[in-house]
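Okay, so here's the structure we're looking at.
Atoms within each ligand, like the ligands themselves, are counted from 1 in listed order.
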Amino acid sequence: MSDVANVIIVGSGPAGLTAAIYTARASLSPIVIEGEPSSTSDQPGGQLMLTTEVENFPGFPEGIMGPELMMNFRAQAERFGAQFITEKVTAIDVESRPYRVWVRDTEYQAHSLIVSTGARALMLGIDGEDRLLGHGVSTCATCDGFFFRGQEIAVVGGGDSAIEEATFLTKFADKVTLIHRRDEFRASKIMQQRAFDNPKIEILWNHTVTAINGDSRLEGVDVTNTVDGTVSTLPVTGLFVAIGHRPNTDLFAGILDMDETGYLVTAPGSTATNIDGVFACGDVQDHTYRQAITAAGSGCMAAIDAERWLEAQHD
Ligand code: NAP
């Protein structure tokens, strides 16, 4: 292709679509390569496509369904002229300018890139988990904890995330069972102590979740003792899977700087990566906050950074 776009945005969650709204309104005619429909978070719209109600996105006092929110983001970007390609990027080359992005055999070129490919929560990989995601199964306590007021729920994992989520969830739930596959936590000592001291948290050592029960809503989970193999059922209405996240950065290995866990590194107070004119926003560079609103905020930053960078090239 001979046309060179001002900016190509890779990924279409809250970060990418906010970057699209801002760059489109700045008359930069962005191209958004939004991903392909799939049953994972690695799809157009990102992780919010897998949630049900979102109650904490400002501006929606009655709440809004995750997929509807993302549809609104997309429509807003389209209104200002963002162009969408519903495919997955298969390769990028930022060795020379213009930068090149491939979707299989089709090449696109751009003066600048915004990377917003997000992250995915690791899942247990057992039957019913995907089906009941948003219907009792969750990967985000901050997002969904509120729905479990007065209920008995469980959290899986033994790292800082699991303990942080279990502790947070005791604000709402009557009882939180923390299910861990070993007999000691990986989490920091201070976090562990927080769990030990919390009377609402019960720790189930040496257990794994082996079945997820319920048709349209979670009704309980089966847990298996890893020492003696016995199986029991926990009648929980919520299951929070907190066994870690992975950023979607395979495409950028050896190209963009990453930290030791694969998150893209951006300059402090900016969305600039180590490559001039390539910006990163949203969960792909944030393992701390991981909220739609913070992703959207950083998408706005990336758009402004890209716009200013493009202007500076003309000067
Ligand atoms: P993590 O440290 O990798 O811990 C993942 C936990 O999930 C481990 O305990 C692991 O068990 C368990 N696990 C993994 N796969 C499993 C499976 N298939 N079935 C059952 N259990 C499974 O991940 P994280 O807790 O998300 O933390 C990621 C990073 O963020 C860490 O560096 C952490 O310190 C940091 N973080 C910090 C804070 C904080 O300081 N406030 C909060 C959250 C996260 P094993 O222990 O047996 O491997």
Shell of residues surrounding ligand 1, defined by a 4.0 angstrom heavy-atom cut-off that is strict: Leu124, Gly157, Gly158, Gly159, Asp160, Ser161, Glu164, His180, Arg181, Arg182, Arg186, Ile243, Gly244
Under 3.5 Å: donor-acceptor pair, side chain of Thr23, backbone of Ala303: no
CG-CD distance between Asp144 and Glu165, expressed to the nearest 0.5 angstrom: 9.5 Å
Linked, directly or transitively: Val155 and Phe196 (ILVMFWY side chains, under 4.5 Å): yes
Geometric cation-pi criterion, Arg149 with Phe172: 6.0 Å, 45°: no
Geometric class of the Phe57/Phe73 ring pair [parallel <30°, tilted 30-60°, perpendicular >60°]: perpendicular
Geometric cation-pi criterion, Arg100 with Tyr108: 6.0 Å, 45°: no
